[in-house]
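Single-structure report; data block below.
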Amino acid sequence: MSLAISCLSCSEKPDQPQEAPFIGRSELFIEDNRMSPEALWAMGHIGSYSLSPDGKKIVYAVTYYSVPQNKNNRELFVMNSNGSGNKQITHTRFSETEAKWIKNGTKIAFLSTESGSSQVWEMNPNGSGHRQLTHYDKDIEGFCFSPDGKKLLFISQVKTVKSTAEIYPDLPESSGIIVNYLMYKHWDEWKTTAPHPFVADFDGSSISHITDLLEGEPYESPLKPFRGIEQLAWSPDSKTIAYTCRKKTGKEYALSTNSDIYLYDVEKKETLDNITAGNGGYDTNPCYSPDGRYIAWLSMERDGYESDRNRLMCMELATGKKSFLSEAFESNVDHYSWSEDSRDIFFTGVWHDKSHIYRINLEERELTQITDGVYDYTSVKVCGDQLITKRHSMQMANEIYSVSVEGLVTQLTFENKHIYDQLKENRVEELWLTTTDGKKMLTWVIYPPDFNPNRKYPALLYCNGGPQSPVSQFWSFRWNFKIMADQGYIVVAPSRRGLPGFGMEWLEEISGDYGGQCMRDYLTAIDQVARESFVDEERLGCVGASFGGYSVYWLAGHHNKRFKAFIAHDGIFNMEQQYLETEEIWFANWDMGGAYWEKENRVAQRTFANSPHKFVDKWDTPILCIHGEKDYRILASQGMSAFNAAILRGVPAELLIYPDENHWVLKPQNGVLWQRTFFAWLSKWL
């Protein structure tokens, strides 16, 4: 494939010190009209967006990547709420983030590292007049001004664990870390700090009288690893802050998902109430109704089950009466927003692998689906009589759209149109297959461009992660169905047992039974699609990450020579090893059923009996193992062990290891290397 890329915003002046080119939107020519790794990383990634108080303007962020520089840069754009007048308003190297309208829409506040640390700045809506508002001594990770504009709520890290040098001042160069508690690491970092919410007075130009809402407490608010400002909320009268917190540490923290919503009195400087006391699972993302009568939040019911049904809850503040608003929707609520009159809540949620916008009326509890089609709507914000949302599909990355309450959809941004215009479309087919236990399973089949049913194509079975994450219509900049299909593969993506969007029974059949029906579902999907005349049964591959990586390792010992190549990324190879290596023990306890030493625990014993490493003697097919050494959810020792086992067994194998990546691959050059290695392996064996 031939592809040329140039940066639209790059400029160099002669006889001046050279600095790295500005990272902005890329222009490129794709000669063969097919997606490639380079084209994927040339795309702009649309991020967060914010509506002006009068609903007439939208500010949003786009992240651009430079493969040569191995960096990214985030820029801000402003457009009218109908999509007209779109203009880039920042052109810096400091990755402006978290843009919000302040001062009645006359200014835009944002985070920038221009001063050397992440601080809150403001500018005019046309991008002029940059001015620093905070000079806090640590990085600010997220922020939100109070409705009256007189206070700033922000997130920053506080130290919770002494360093070795603080314990032994005479050993300042020692690299040893002394650990005497669980959850000493999380996601991709050693856990020495916790995010705390702070509130400060704001006079329009600077902050003062800063207060830590959790002063002296070792707890996290918001919760790691994602710790976003959406876990905190102002009341409309600016007198109260609702915050999410799991007030646990050590072993208790590692075993429990029980977080709560607390109400903090800004004037008294104290937490007054825990409104979710008595609920055992996650309670997160509070949001007050515009009239101040209600507070809503997302809630999981059962402690230790991080993939429990995510329910939309609501409480009337005057009476304390609580309601399960999304009861009629037997799936997860992902994002929600109040109507301006406080009578309705709009939310996004997945059903049958399509994420749409729904409306719930508070009084009548009537559930109405607003959007339709083969898409994922990922957010929703109310803008007068319109909803502003982001949408993606298997064919297209996120763009911003406007949706009327009647469901009329208008695309507002066209960030990557110059790329899509050069690509051929893929046929995406929705199949309902009969499983081995007589149920119907949705399976997506994505075909190569210019698909010819008279030809024979290699096919890939895609094993989804999670394990309780929907296939839906996701667009990934790594596990991308379009780029797989554009390389000439038919992609088979089944919504096997354990995925949301098909009711709770379907979702929960995977817990404690990793090697059971969900694996039979995978084989059902590939077997039925492989019977088609255009599929070459001698060229079948199997790929997946996380639980999908576990699935690949498991199928490698049970596939009866169906597949000719395997690829596992960040997968579980040894279940006993995983139980003690992972940081979130609650996850292992729930999904595995307990510890491997619980000999009378039938569920746990079934889990560990199905550990992929116990079936290595049946491995006979080339396998590529990929892992990141900063992945503390599934340690890199799992991928290394699988690779070593394959080599010792005489099975052709390759290991791609990333010392600097976590459960994902985030750096541009690492991402391109991932794609090249992935397709080189498939090309070699299929």
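- Under 3.5 Å, the side chains of T378 and D376 contain no donor-acceptor pair of N or O atoms.
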Does K224 form a side-chain contact (heavy atoms from CB on, under 4.5 Å) with W187? I'd like the steps, not just the answer.
CA-CA 8 Å; K224 289 186 176 182; W187 189 251; over 6 Å; no

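- Looking at H335, its side chain does come within 3.5 Å of a backbone N or O of V380 through a donor-acceptor pair.
- Donor-acceptor pairing under 3.5 Å is recorded for the side chains of N464 and Y462.
- Proximity of a side-chain donor or acceptor of T240 to a complementary backbone N or O of S235 within less than 3.5 Å is not detected.
- A side-chain donor-acceptor contact under 3.5 Å links N126 to the backbone of S128.
- How far CD of E96 is from CD of E114: 8.0 Å, rounded to the nearest 0.5 Å.
- The closest donor-acceptor contact from the side chain of W475 to the backbone of N398 lies at 3.5 Å or more, if one exists at all.
- With contacts defined as side-chain heavy-atom distances shorter than 4.5 Å, the pair F346/S339 qualifies.
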Using side-chain contact (heavy atoms from CB on, under 4.5 Å), reason through L133 and L152 one step at a time and then give a plain yes or no.
CA-CA 10 Å; L133 298 180; L152 176 67; over 6 Å; no

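- Other residues, nucleotides and ligands contribute more than 12 heavy atoms inside 6.0 Å of the NZ atom of K185.
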Dump the intermediate steps for side-chain contact (heavy atoms from CB on, under 4.5 Å) on K151 and W234, then the final yes or no.
CA-CA 10 Å; K151 302 279 185 181; W234 281 102; 3.5 Å; yes

S393 vs Q473, side-chain hydrogen bond (donor to acceptor under 3.5 Å, both in side chains): CA-CA, chis, key distance, verdict:
CA-CA 5 Å; S393 69; Q473 301 306 305; over 6 Å; no

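- Stacking of K100 on the aromatic ring of F143 is recorded, both the 6.0 Å distance cut-off and the 45° axial limit being met.
- Side-chain atoms of K482 and N426 form a donor-acceptor pair, as typed in the model, at a separation below 3.5 Å.
- In this structure a side-chain-to-backbone donor-acceptor pair under 3.5 Å is missing from E189 to K191.
- By the neighbour-count criterion of 12 heavy atoms within 6.0 Å, atom CG of N104 is sparsely surrounded, having that number or fewer from other residues, nucleotides or ligands.
- Below 30°, between 30° and 60°, or above 60°: for F77 and Y60 the angle between ring planes is below 30°, a parallel geometry.
- Classification of the F347-Y358 ring pair by plane angle, with boundaries at 30° and 60°, yields parallel.
- The closest donor-acceptor contact from the side chain of Q422 to the backbone of H418 lies under 3.5 Å.
- At distances below 3.5 Å, at least one donor-acceptor pair connects side-chain atoms of S238 with backbone N or O atoms of D148.
- Residue-environment remark: NZ (K56) stays at or below the threshold of 12 foreign heavy atoms within 6.0 Å.
- Side-chain atoms of T92 come within 3.5 Å of backbone atoms of F94 as a donor-acceptor pair (strictly under, hydrogens ignored).
- Rounded to the nearest 0.5 angstrom, I446 CD1 and F481 CZ are separated by 5.0 Å.
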Pair Q157-E141, side-chain contact (heavy atoms from CB on, under 4.5 Å): steps then yes or no:
CA-CA 8 Å; Q157 297 286 326; E141 298 179 350; 3.1 Å; yes

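- Taking the six-membered ring for Trp and thresholds of 30 and 60 degrees, F198 and F154 have nearly parallel ring planes, at less than 30 degrees apart.
- Side-chain atoms of S117 do not come within 3.5 Å of backbone N or O of D139 as any donor-acceptor pair.
- Between Y65 and H45, the angle of the ring planes lies from 30° to 60°, which puts this pair in the tilted group.
- Here the straight-line distance linking atom CD1 of I261 with atom CD1 of I295 works out to 7.0 Å at 0.5 Å rounding.
- A distance of 8.0 Å separates OG in S48 from CG in L76, rounded to the nearest 0.5 Å.
- Interatomic distance, R227 CZ to L232 CG, rounded to the nearest 0.5 Å: 13.0 Å.
- Panel note: side chain Q231, backbone L223; a donor-acceptor pair is recorded below 3.5 Å.
- Considering CG of L656 and CD1 of I567, their distance stands at 10.5 Å, rounded to 0.5 Å.
- Side-chain contact, Q119 with T134: a donor N or O sits under 3.5 Å from an acceptor N or O.
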Hey, mind stepping through W479 and F678 against ring pair (Phe, Tyr, Trp, His ring centres under 6.0 Å) and telling me if it holds?
CA-CA 10 Å; W479 289 96; F678 182 94; 5.6 Å; yes

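- Q411 CD: more than 12 foreign heavy atoms inside a 6.0 Å radius.
- The shortest distance between side-chain heavy atoms of P197 and L153 falls below 4.5 Å.
- The pair R131-E122 counts as a salt bridge, with a side-chain nitrogen and a carboxylate oxygen less than 4.0 angstrom apart.
- Classification of E584 and R633 as a salt-bridged pair holds, one side-chain N sitting under 4.0 Å from a carboxylate O.
- Ionic pairing of E38 and R676 is present here: one or more N-O contacts between side-chain nitrogen and carboxylate oxygen are shorter than 4.0 angstrom.
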Could you go step by step and tell me if H196 and Y243 meet the ring pair (Phe, Tyr, Trp, His ring centres under 6.0 Å) rule?
CA-CA 10 Å; H196 274 200; Y243 67 89; 9.5 Å; no

